[in-house]
Participant: 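One structure coming up, written as structure tokens, with questions to follow.
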There are 2 protein chains.
Amino acid sequence: MAPKYKRKEIPEVLRNHGITPTHQRIEIAAALYSRMEHLSAEQILALVNEHAAETSKATVYNTLKLFVAKRLVREVIVNPGKTFYDPNPEPHHHLYHLDTGCLTDIPADSVSISGLPPLPPGLKTEGVDVIVRVRAARASGG
Amino acid sequence: MAPKYKRKEIPEVLRNHGITPTHQRIEIAAALYSRMEHLSAEQILALVNEHAAETSKATVYNTLKLFVAKRLVREVIVNPGKTFYDPNPEPHHHLYHLDTGCLTDIPADSVSISGLPPLPPGLKTEGVDVIVRVRAARASGG
DNA sequence: GTAGTTGCAAAGTGTTTGCAGGCAG
DNA sequence: CTGCCTGCAAACACTTTGCAACTAC
């Protein structure tokens with residue numbers, strides 16, 4: 001998928017979300033935006049240090065949490081013990097390939113969900129995650 | 001919710017799923033079925049040892065994995081680093097309360113999802129998880 | 001006697017934290 | 001100087017593993 005932002009636009013994107021654009025944060029945002037893929041913290045750490053080791057693990061985690069809090073990216077939780085980060089903050093769904101661990105988007109505009117019961121009063125919806133888990137058809141199910 | 005099985009039925013349920021019913025496995029199944037709630041491994045460990053410590057952590061984890069493999073229960077993944085186990089294996093969806101960590105069922109029969117794109121050939125759907133994340137309306141979002 | 005099950009505790013993975021140094025205003 | 005940002009490494013929570021004793025048949 002085409003990058004959502006050009007690299008030089010990233011500082012402004014961060015500012016627009018109330019995030020001071022530092023070198024490390026720009027690198028992390030660029031890693032996500034240049035690929036528009038779902039990346040784990042581990043993958044992002046590897047990517048930003050690909051050319052030169054300049055960002056620590058702690059900073060990657062801190063920054064990703066900051067991005068999530070500021071709604072710059074979205075957490076996608078498909079399996080316990082590893083969080084993926086999705087640079088596409090718009091509502092959409094996910095297809096998770098159980099054999100490969102590959103995670104792809106399902107555009108929200110093609111999908112409609114109806115019949116969800118009304119929320120109890122005093123609650124508001126933060127988001128609806130739809131995860132379609134698929135497997136190779138020939139794999140014996142277990 | 002009413003228990004799905006009576007305690008004395010549990011050994012047969014296990015056998016029907018190809019699981020040798022041992023004391024610990026029956027306890028763990030009973031903990032799930034008597035409550036029909038979403039429990040974490042930690043909660044199950046506490047429940048089965050409530051009266052007397054007779055089941056180890058390893059056995060709880062091993063048994064839960066076995067139950068999942070045998071389709072007796074379902075894993076529900078709502079946050080990284082903690083897996084919930086759902087004694088209801090039928091298709092249904094979940095409401096996750098972000099403030100309390102409380103997880104409740106949404107019956108599948110009231111919800112319809114349409115417009116999911118066709119699967120690429122050679123894949124089969126293992127399941128569709130819908131997680132509605134809610135929060136107290138007055139809580140400032142962060 | 002054999003095969004399967006359990007328990008303990010240590011190892012493992014992914015994530016979070018505490019504190020000191022660095023840079024900007 | 002003050003405050004935010006960063007890095008290191010230890011701490012942390014949850015889960016998995018290895019091995020020996022135990023149980024049932």
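Letters go in sequence order (proteins before strands), and every chain restarts at 1. Since we're looking at a predicted model, the values are computed, not measured.
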Participant: Would you say A:H23 and A:E54 make side-chain contact, with heavy atoms under 4.5 Å?
Facilitator: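 Yes, at least one pair of side-chain atoms sits under 4.5 Å.
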
Participant: Has B:T22 got a side-chain N or O lying under 4.0 Å from the OP1 or OP2 atom of C:dT5?
Facilitator: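 So the side chain of B:T22 is outside the cut-off, no N or O lying under 4.0 Å from OP1 or OP2 of C:dT5.
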
Participant: Taking only side-chain N and O atoms of A:Y61, does any of them lie within less than 4.0 angstrom of OP1 or OP2 on C:dT15?
Facilitator: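 For A:Y61, the contact criterion (side-chain N or O under 4.0 Å from OP1 or OP2 of C:dT15) is met.
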
Participant: Between atom CD in B:Q43 and atom C1' in D:dT15, what is the gap in whole Å?
Facilitator: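 Interatomic distance, CD of B:Q43 to C1' of D:dT15: 16 Å.
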
Participant: Rounded to whole angstrom units, what separation is found between the CD atom of A:E54 and the P atom of C:dC23?
Facilitator: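 So the two atoms are 15 Å apart, to the nearest Å.
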
Participant: Does D:dG7 have its OP1 or OP2 closer than 4.0 Å to a side-chain nitrogen or oxygen of A:S56?
Facilitator: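 Result: yes.
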
Participant: When you check the phosphate oxygens OP1 and OP2 of D:dA24, does a side-chain N or O of B:T20 lie under 4.0 Å from one of them?
Facilitator: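 No, because none of the side-chain N or O atoms of B:T20 sits under 4.0 Å from OP1 or OP2 of D:dA24.
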
Participant: Rounded to the nearest Å, what distance is computed from the CD atom of residue B:E75 to the P atom of nucleotide D:dC14?
Facilitator: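 Taking atom P of D:dC14 as the reference, CD of B:E75 is at 16 Å.
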
Participant: Can you check whether B:T83 has a side-chain N or O nearer than 4.0 Å to OP1 or OP2 of D:dC14?
Facilitator: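 No, B:T83 has no side-chain N/O under 4.0 Å of OP1/OP2 on D:dC14.
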
Participant: Take B:L14 and B:I26 through the side-chain contact (heavy atoms from CB on, under 4.5 Å) test and state the conclusion after the steps.
Facilitator: CA-CA 8 Å; B:L14 296 184; B:I26 293 169; 4.0 Å; yes

Participant: Figure out the NZ/P separation between A:K57 and C:dT17, and round it to whole Å.
Facilitator: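 My rounded result for the distance is 15 Å.
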
Participant: With DNA chain C as reference, determine whether A:Y85 or B:I19 sits nearer its 5' end, using the nearest nucleotide of each.
Facilitator: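 Nearest nucleotide further toward 5': that of B:I19.
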
Participant: Toward the 5' end of DNA chain C, which comes first, A:G81 or A:A58, by nearest nucleotide?
Facilitator: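 This one resolves to A:G81.
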
Participant: Provide, to the nearest angstrom, the distance between the NE2 atom belonging to A:H23 and the P atom belonging to D:dT6.
Facilitator: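 Value for this atom pair: 10 Å.
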
Participant: For B:E9, look at atom CD and say whether over 12 heavy atoms of other residues, nucleotides or ligands are found less than 6.0 Å away.
Facilitator: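 Counting neighbours around CD of B:E9, more than 12 heavy atoms of other residues, nucleotides or ligands fall under 6.0 Å, so yes.
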
Participant: In terms of side-chain heavy atoms, does B:D129 have a donor or acceptor partner in A:Y96 at a distance below 3.5 Å?
Facilitator: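 No, because no side-chain N or O of B:D129 sits under 3.5 Å from a partner of the opposite role on A:Y96.
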
Participant: Please report, rounded to the nearest Å, how far the P atom of C:dT16 is from the NZ atom of A:K82.
Facilitator: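 Taking atom P of C:dT16 as the reference, NZ of A:K82 is at 14 Å.
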
Participant: Just how far, in rounded Å, is P of D:dC14 from CD1 of B:I44?
Facilitator: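 So the CD1-P distance, B:I44 to D:dC14, works out to 14 Å.
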
Participant: Under the criterion side-chain contact (heavy atoms from CB on, under 4.5 Å), I'd like the reasoning laid out for B:I131 against B:L103: C-alpha separation, chi angles, the key distance, then a yes or no.
Facilitator: CA-CA 9 Å; B:I131 299 170; B:L103 187 62; 5.5 Å; no

Participant: Between C:dT15 atom C1' and A:L64 atom CG, what is the distance in whole Å?
Facilitator: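 In whole Å, C:dT15 C1' and A:L64 CG are 11 Å from each other.
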
Participant: Nearest to the B:K65 side chain among D:dT6, D:dT17, C:dG7, which nucleotide is it?
Facilitator: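 Nearest listed nucleotide: D:dT17.
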
